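A quick note: this is a predicted structure, and the numbers were derived from the prediction, not measured. By convention in this document, chain letters (A, B, ...) are assigned in the order of the sequence lines, proteins followed by strands, and residues within each chain are numbered from 1.
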Amino acid sequence: MAAELSDARAALAGVSNEPGAPKPDPIITGSNITRTFGGLKAVDVEKIEIQRGVITALIGPNGAGKTTLFNLLTGFDEPDSGQWAFNGTELGKVPAFKVARLGMVRTFQLTKVLAKLTVIENMRLGATGQRGEKFFSAIFKSLWSSQEDANTKRADDLLARFKLDAKREDFAGSLSGGQRKLLEMARALMVDPELIMLDEPMAGVNPALKQSLLGHVKSLRDEGRTVLFVEHDMDMVRDISDWVIVMAQGQIVAEGTPQSVMADQRVIDAYLGAHHDTDITEIDVEDLEAEADAELDAEEKKA
Amino acid sequence: MDFGTIIDAAFSAAFGPQAIVFALAAIGLNVHFGYTGLLNFGQAGFMSIAAFGLAVTVVTWDLPFWLGIIVGMIAAVILALILGVPTLRLRADYLAIVTIATSEILRLVFGAVEFKDTFGGSNGLTGFVRPYQNLNPYGGGIDLGIVSFSRNDLWSITVGWSLVALCCLLVWAVMRSPWGRVLKSIREDEDAVRSLGKNVFAYKMQALVLGGLFGGLAGIFHILKQGSAVPTDFNTTFTFYAYAALLIGGAARVLGPVVGSMIFWFLIAGIGSFFSEATKGSSPVIPDWIMTSDQSSLIRLILLGLGLMLLMIFRPQGIFGDRREIAIDGR
Amino acid sequence: MRLRLAALLAAALGTSLLLMPATAMAETTPTPTPTTGGAAPDKNPIVEGANITVTLKDLNAGKGEPKPVPGVSLTVFKDSATGEEQGTQVTDQTGRVSIGIPGNGKYVVVLDPKTLPDGVKLSGKGETTKTVQVKLASSNFVQFQIGAVVVEKASLGSKIIDGTRSGVISGLLIALAALGLSLIFGTTGLTNFAHGELITFGAIATYVFNRGFGLPVIAAGVLAVVASAAFGFLQDRGLWRPLRNRGTGLIAMMIVSIGLALFMRSIFQYGFGGSTKTLSEYVVQGRDSYGPIDLSHKEIAIVLVSVLTIAITCIAMMRTRLGKAMRAVSDNPALSASSGLRVDGVISAVWVLGTALTGLAGVLLAVQQQVNFQMGFNLLLLVFAGVTLGGLGTIWGALIGSLIIGLMVELGPVFGVPASIKEVGALAVLILILLVRPQGILGKAQRIG
């Protein structure tokens with residue numbers, strides 16, 4: 001396992017830092033994906049590839065189109081144009097639930113735990129291929145109870161791993177923000193996904209829980225899954241990601257390892273600007289966008 | 001004031017055929033709204049299409065009674081499919097407006113003079129009930145003091161409460177299963193369910209069909225117990241009353257709609273009878289200038305409206321529900 | 001052959017039931033009059049106690065004032081036309097008969113067509129019998145038309161013109177109410193099932209000011225709009241604002257509104273009674289011809305008032321500070337609040353404006369038709385349809401959607417929708433349009449995530 005991992009990371013070493021650079025072993029490949037809201041181009045990605053078996057971070061200012069790209073890739077939104085594939089399967093018009101069944105599962109920026117179900121019921125819901133989810137076999141418990149027991153066992157193991165076992169019988173609505181993030185992540189693992197996509201896993205999580213969340217994300221990669229996450233917390237990005245993709249105004253402006261991206265002049269120009277040292281979350285978004293605008297205009301003129 | 005009459009009226013209504021109709025319709029609404037969060041405001045439509053499916057088959061087409069029952073239930077399923085395909089992918093309020101409009105369309109069409117030859121116009125259809133009444137094993141009515149039922153009502157009560165029990169058993173069986181879990185999850189957040197690989201549309205459709213079947217059963221039972229299928233019985237107000245019954249008992253609980261319907265009819269009949277008694281005679285308990293006997297029949301509706309508001313505001317989980325797991329966020 | 005265009009309006013078939021012993025009733029039941037037309041009595045007084053009263057009027061196809069039709073023989077039977085005869089009378093000089101009945105039940109009124117004056121024909125299917133259900137709860141003046149008889153078949157063109165006229169008028173009335181509904185929905189998200197009762201409120205308030213206080217209809221209408229606005233303000237303050245502050249969910253609020261609708265409708269029926277009543281003026285007006293279109297004076301007034309009100313409202317929403325504030329709140333209440341808008345104040349204003357518009361719809365409806373405790377409830381579905389068709393929460397959408405609904409309802413019969421269920425066409429179109437364009441005609445597609 002560890003050997004595979006270092007292989008994957010090592011392979012990235014040779015990848016260029018150009019936006020949309022081809023990867024040696026991509027799990028997702030996409031091209032010309034666009035989505036407009038009114039007159040605004042929210043996503044305009046010419047080319048994107050995500051390397052298998054590593055943690056890729058998707059960063060960029062608010063309104064850069066990260067979440068919209070997530071929605072498009074997972075079938076929660078329909079693009080104006082573009083095609084993309086997961087493990088070679090074209091996902092153009094595939095509905096969200098089928099995308100998930102293929103092994104590409106996402107979480108949400110605002111957590112979507114099922115508040116009026118217990119934690120364990122939330123977990124059980126995640127299991128796939130349940131016989132008891134078909135109406136006619138649902139009527140007779142004997143047809144699905146053994147499978148349900150197996151799923152519960154797996155759910156309990158995951159709860160223990162995410163330290164939620166004490167909350168097993170609580171209603172999910174009573175959990176704290178961080179616990180909800182954990183529950184959502186654990187529930188996504190019940191699907192046993194190959195690629196897990198986390199939308200701002202750190203948002204609203206208290207600092208004490210952050211470290212353990214980081215550990216959990218890393219452990220996902222260590223057990224062989226691919227992780228793609230959106231994040232504003234630059235410490236987290238620096239800490240755990242193997243590769244970083246930078247978006248601004250719907251486009252991918254840069255890619256690279258965390259170190260190289262942080263040092264990349266284009267990123268500093270287009271994204272971090274003069275606020276390089278400030279925590280990004282504290283920067284006024286409008287200022288930032290205005291600056292990014294100005295910079296891009298300047299670049300266009302130069303070109 | 002004759003309190004015996006009032007008590008008899010209240011208890012007879014609570015256990016009588018009308019409460020059964022409401023219980024069946026509300027069980028369907030419970031599947032729709034209570035468990036899945038679907039806003040079906042056209043339960044009367046499911047009832048009327050099944051009822052007229054039976055009546056038209058037997059009376060207009062002169063076909064066997066049991067075939068009529070099958071036609072009625074199939075009609076309810078088809079209605080669910082037709083309603084579901086366009087609206088289940090849309091926001092919840094669209095289902096509400098489409099179902100309410102459809103139930104009105106059905107009621108108007110069934111009552112139209114232009115289709116009198118098929119549906120019997122505003123007087124509806126009669127003469128399909130004989131095979132049902134022929135099965136009646138009872139020799140006469142019953143009067144137990146606090147409740148009294150005629151021979152026909154006694155038979156309807158036997159059949160009706162058995163049906164209610166079977167429906168509750170089915171709802172209990174499926175709602176404890178993973179299938180029921182998916183429905184409850186859809187009620188909470190359908191995107192979350194979608195992200196876990198479940199075909200939300202298919203589940204909503206199954207729930208719509210199942211609840212619609214209960215509605216159809218309610219419609220068929222309604223016309224059997226009263227012997228005629230009259231279009232105006234299936235108006236939108238009926239659906240609202242069925243919602244009231246469901247909410248009184250508590251949504252998303254297996255027995256909620258049943259208990260709710262009984263309480264609903266106990267109160268409606270009891271209050272109605274009380275004020276009717278209080279305004280009766282030449283020197284009524286409540287003087288004529290405050291309330292005439294015409295007006296006395298309205299008090300129960302006024303109280304029902306007020307009660308529904310207060311219930312929703314202060315106890316949205318119903319009388320027996322648990323606040324933490326109620327379907328509706330009251331607060 | 002050109003027959004005289006004649007129309008018969010059975011203006012009031014009233015059954016008023018008072019609690020009275022059956023013996024007393026029998027005394028007041030007049031003995032059957034064995035006449036077969038010809039000699040019309042001077043006056044048939046309305047029988048005391050339970051009775052069925054019919055007034056026959058010749059609408060003359062809507063031209064000029066309707067004239068009473070005397071000398072027509074009518075008979076009332078119990079249960080069916082072959083049942084027990086309750087009495088026969090010949091219409092008097094005012095076209096009226098009044099026949100006593102013993103109590104609740106089903107009655108059949110039979111008109112003897114041979115006694116009709118020359119040139120006057122029954123319209124519609126020419127039915128000479130009418131069935132009346134007399135119930136305790138609805139023992140009332142049931143309005144029914146023996147029919148506006150148009151013997152000569154109207155051309156398709158004139159049918160379309162007539163349908164368009166009624167369609168535009170009812171469309172405008174629906175639009176006023178829909179505008180109110182849309183404003184309130186847009187700013188608060190409330191799907192208000194008690195909106196129909198706001199229409200009824202306007203109509204009943206007009207009736208009370210007019211008949212109760214003896215004011216002219218126009219003054220009563222103005223006061224009724226003011227009363228509606230005040231009612232809206234109080235309703236928001238007393239009910240909806242506290243619920244919003246408690247964080248009550250939208251679905252829970254919707255169910256509260258269902259309860260409120262039932263509550264208000266029953267209160268209206270309690271106070272106003274179950275019967276349909278008329279205002280003191282402008283009840284029946286003949287129509288004058290304006291080119292191909294026939295309009296009565298009140299119809300012209302209704303069109304002008306509603307068009308002006310709608311135009312002013314729409315312009316105000318676009319131009320004024322309050323209008324912009326309303327649109328801001330409807331876009332994003334949280335953001336509006338954080339940028340210093342007094343959201344509660346704006347919502348109060350919306351309720352006042354919305355209920356005033358809706359009340360006005362009720363006032364105009366009372367003038368155009370009559371007043372009834374459930375007139376608003378009967379219109380509610382069409383108002384919802386108009387709003388949904390145009391796109392939930394958009395003002396122009398509500399306007400256009402309502403006009404389409406109004407036209408669909410009135411023009412449907414021209415294109416084959418059975419006349420007795422003309423609303424069906426409009427509702428079916430609503431469902432079909434939602435199939436193709438779920439966001440409504442002017443609505444925006446929703447952004448997910």
Could you go through the side chain to side chain donor-acceptor pair (under 3.5 Å) check for B:E104 and B:N235 one step at a time?
CA-CA 7 Å; B:E104 282 295 285; B:N235 55 22; over 6 Å; no

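Per-residue heavy-atom pair counts under 4.5 Å with chain B were compared for C:I267, C:L430, C:T191, C:L382, and the maximum is reached by C:I267.
Residues of residues 235-245 of chain C placed with any heavy atom under 4.5 Å of a heavy atom in chain B are listed by number as C:L239, C:L243.
At distances below 3.5 Å, not a single donor-acceptor pair connects side-chain atoms of B:E277 with backbone N or O atoms of B:T5. Remark: the backbone N or O of B:F33 is not paired with any side-chain donor or acceptor of B:R187 at under 3.5 angstrom.
A centroid separation of less than 6.0 Å is found between the aromatic rings of C:F193 and B:F240. Ring pair B:F234/B:F110: centre-to-centre distance not below 6.0 Å.
Below 30°, between 30° and 60°, or above 60°: for B:F46 and B:H32 the angle between ring planes is between 30° and 60°, a tilted geometry.
Heavy-atom distances place no part of C:M264 under 4.5 Å from chain B, backbone and side chain included. Contact of B:V109 with chain C is made through backbone and side chain together, with heavy-atom distances under 4.5 Å. Only the side chain of B:I299 comes within less than 4.5 Å of a heavy atom of chain C; its backbone N, CA, C and O stay farther away. Residue B:L106 does not touch chain C at all, counting heavy-atom pairs closer than 4.5 Å. Contacts of C:L260 with chain B are made by both backbone and side-chain atoms, with heavy-atom separations under 4.5 Å.
Annotation: the span from B:D233 atom CG to B:S48 atom OG amounts to 10.5 Å, rounded to 0.5 Å.
In summary, B:E188 and B:K184 do not engage in a salt bridge, as defined by a charged side-chain N under 4.0 Å from a carboxylate O.
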